[in-house]
Number of protein chains: 2
Amino acid sequence: MIFAKVAGVSSATVSRVINGSNLVKPVTAERVRRVIADLKFVPYGSATTLKYGRSSTYGLIIPDITNPFFPEFIRSFESILVDHNQDMLMATTDFHPSKMQQTIYRMLVRKVDGIALLAAEIETEPIEAVIHHRVPLVTMDRLLLAPGLSDVAIDYASGMNQAVQHLKQLRHRKIGYIGGSDGPTISDHRVRAFVNAMRSADLEVDPAFIRVGNYRITGGESAMTEVLALRHRPTALLTANDLTAIGALRVIRKNGLSVPKDFSIVGFDDIDLSDIVYPAHYDPLTLARTCRGVLQSAGIVGKES
Amino acid sequence: MIFAKVAGVSSATVSRVINGSNLVKPVTAERVRRVIADLKFVPYGSATTLKYGRSSTYGLIIPDITNPFFPEFIRSFESILVDHNQDMLMATTDFHPSKMQQTIYRMLVRKVDGIALLAAEIETEPIEAVIHHRVPLVTMDRLLLAPGLSDVAIDYASGMNQAVQHLKQLRHRKIGYIGGSDGPTISDHRVRAFVNAMRSADLEVDPAFIRVGNYRITGGESAMTEVLALRHRPTALLTANDLTAIGALRVIRKNGLSVPKDFSIVGFDDIDLSDIVYPAHYDPLTLARTCRGVLQSAGIVGKES
DNA sequence: ATGAAAGCGCTAACAG
DNA sequence: CTGTTAGCGCTTTCAT
């Protein structure tokens, strides 16, 4: 180590000083610290990673950073990481399973200490790779568990009940639902929760009022267009997430109708949007707790803190 | 290498196969590939990083991921990185200089191959550290250059001219401006561009119409509150970015006034918000070009592609 | 209280 | 065409 020679010590001593070992004579430590500052010495993280297989880096995989829910999540997630001196490797899948596979591979190469996977694409292959390499993995709303695989699930039942009750109090009876993408994914849970909530509220579910979206604005738009084409329309709509709500809203406005006069729209994320009624389902606290759950499972945050 | 023995070759050969060297007999290569797949072998990136000092990772530092401009930027940035098999280390400063310093340090430890710094906090010390370690650094709108330091600047003059001309055509004469944070930062450029644009349009600049914000919704709100308290009000407002515009909008609505009836508001980022007039200044193309500029300077993208 | 040395996994140079 | 080896920087054990 070239640097150590300048300080007149061995690299071992430098290492000890940097890691705050108390085995170094204060005078020596002080001298080393001064040289570190003078020479702007920065250690090589990769050497430590190589030696110990830990990278102090966590991977975060999200489907779509354009969905305002995710920036808020990222913010909390990163903040917790930073507090623990960990870095965040972030990647977007854009809903492409192949991108997700690449991303996971790259994260394994970088030896991340854990992965939070918020993308719903149910590709089991890359997930198995993660488990095989014993990298803690936390998914969201997949409702699948396995050794090395945790899942943080949202309590849809309660959220949907809140939303439906809220609409019922506003005297809505004909309530529709615009879900997430078709297929055997998360969205099922939400639809089911919606149907159950309607039953609990003694309201009838009209199948024509249940539409499929894609978690994005476009999905909300096309679903709402379908709804407007119906002979009998619902008077209120729940949506799988807030982007879907925004899309629906746009179509409503484009057609000269208005919220809340002609329709009530309830989103499902508590994104910061005015003019719309939200049950605070994913409120900041819940959000932070979710993050904490993710990181607890990954083992970097203790159960209490 | 334990793994290499299973395949009956040396680690060097495995390395050659992985890196696509043509010095390996096809039969051998095939056999190695099969074992790689069977054993789900994933190389240790940190070993390569240690050997060559390159990590194939780029750092992206932003002030506030809650500002919708940044997710859109991140998306483009990451997409270009992924195309080049690079990873993204992302960090938020939340406008805290100390966070920025920590972040940069951590990125140096991780031996990132380049840093894109979109946060405006003008702390020269951490920036000097980056330059000292010869890590390519690209800033945005700092308008400062140095060896190893590039800057991608936005053409405010043109944007402001577009905006002012647009408002003038709508017959506005009393146009105000809500800027970014106070102090000797970027926002200066924008204010100056605004004043110049007004002059070019032969419109008078009323100092009372020029207000300070903070690039966030709250800043737009308080500045707009001040504006509403004025005896003579402007009829149109330009804002430093879109969040500021949203804040102003909120206050306008809260006071029973409306856009565009009582005020015209023009934001400055082209975020996806309806109901508001935007000159497409940071349109997707411009955005991508900006990213490309950032990455070109960092050396991972060629001048033409 | 400090130094010497080994070893983490990879790859380029060299030897065969 | 393939194997051997050195060395990247760090930390820890073992000497001293």
Side-chain angles (χ1 to χ4, degrees), chain A residues 1-36 39-57 85 87 105-113 132-135, chain B residues 1-36 39-57 85 87 105-113 132-135:
Chain A
M1 186 189 254
I2 309 158
F3 161 79
K5 285 179 190 160
V6 177
V9 294
S10 73
S11 59
T13 300
V14 175
S15 173
R16 284 190 265 255
V17 170
I18 287 178
N19 297 334
S21 161
N22 55 355
L23 294 174
V24 185
K25 209 199 306 188
V27 193
T28 315
E30 190 44 49
R31 185 161 36 102
V32 172
R33 264 191 287 271
R34 192 159 307 153
V35 180
I36 286 178
L39 272 58
K40 299 187 207 290
F41 172 75
V42 175
Y44 259 67
S46 42
T48 314
T49 300
L50 179 57
K51 200 174 198 318
Y52 296 102
R54 289 176 292 98
S55 63
S56 300
T57 302
N85 246 294
D87 280 311
Y105 184 79
R106 290 204 323 274
M107 289 188 174
L108 291 177
V109 169
R110 297 287 132 81
K111 272 278 165 302
V112 293
D113 297 337
H132 178 264
H133 284 277
R134 293 160 195 256
V135 174
Chain B
M1 185 190 255
I2 309 160
F3 162 80
K5 285 179 190 160
V6 177
V9 295
S10 73
S11 60
T13 300
V14 175
S15 172
R16 282 189 268 253
V17 171
I18 288 178
N19 297 334
S21 159
N22 55 355
L23 294 174
V24 185
K25 209 199 305 187
V27 192
T28 314
E30 189 44 46
R31 184 161 38 100
V32 172
R33 261 190 289 271
R34 193 158 308 153
V35 180
I36 287 179
L39 272 59
K40 300 187 206 292
F41 172 76
V42 174
Y44 259 67
S46 42
T48 315
T49 301
L50 178 57
K51 198 176 202 313
Y52 295 103
R54 289 175 292 98
S55 63
S56 300
T57 302
N85 246 294
D87 280 310
Y105 184 79
R106 290 203 325 272
M107 289 188 175
L108 290 177
V109 169
R110 297 287 132 82
K111 272 278 165 306
V112 293
D113 296 337
H132 177 263
H133 284 277
R134 296 164 193 254
V135 175

B:Val109 and A:Asp87: side chain to side chain contact (heavy atoms under 4.5 Å, CB included), yes or no, with the steps? CA-CA 11 Å; B:Val109 169; A:Asp87 280 311; over 6 Å; no
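- Put simply, OG on B:Ser55 and CG on B:Asp113 are 4.0 Å apart, with the number rounded to the nearest 0.5 Å.
- Pairing each heavy atom of A:Phe41 with each of B:Tyr105, the nearest pair is O-OH, 4.4 Å.
- The closest side-chain heavy-atom distance from A:Val35 to A:Val9 is not below 4.5 Å.
- For the pair A:Glu30 CD and C:dA1 C1', the interatomic distance rounds to 17 Å; values are reported in whole Å.
- Between A:Thr57 and B:Arg110 there is a side-chain heavy-atom pair separated by less than 4.5 Å.
- Computed from coordinates, the B:Arg54 CZ to C:dC10 C1' distance equals 12 Å when rounded to whole Å.
- In this structure the side chain of A:Tyr44 reaches within 4.5 angstrom of the side chain of B:Leu50, judged on heavy atoms.
- In this structure the side chain of A:Met107 never reaches within 4.5 angstrom of the side chain of A:Val135, judged on heavy atoms.
- The side-chain heavy atoms of A:Arg31 and A:Thr28, taken from C-beta on, include a pair separated by under 4.5 Å.
- Non-hydrogen atoms lying under 4.0 Å from DNA chain D are contributed by B:Leu50, B:Lys51, all within residues 42-51 of chain B.
- Residue B:Tyr52 contributes atom OH, which lies 12 Å from atom P of C:dC10 at whole-angstrom precision.
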Pull out every protein N or O sitting under 3.5 Å from an N or O of nucleotides 2-4 of chain C, one pair per line with the distance.
residue	atom	partner	partner atom	Å
C:dT2	OP1	A:Thr28	OG1	2.4
C:dT2	OP2	A:Lys25	N	2.7
C:dT2	OP2	A:Thr28	OG1	3.4
C:dG3	OP2	A:Ser10	N	2.8
C:dG3	OP2	A:Ser10	OG	3.0
C:dG3	OP2	A:Thr13	OG1	2.7
C:dG3	N7	A:Arg16	NH2	2.9

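- Look at NZ on A:Lys111: it is 10 Å from C1' on C:dG9, rounded to the nearest Å.
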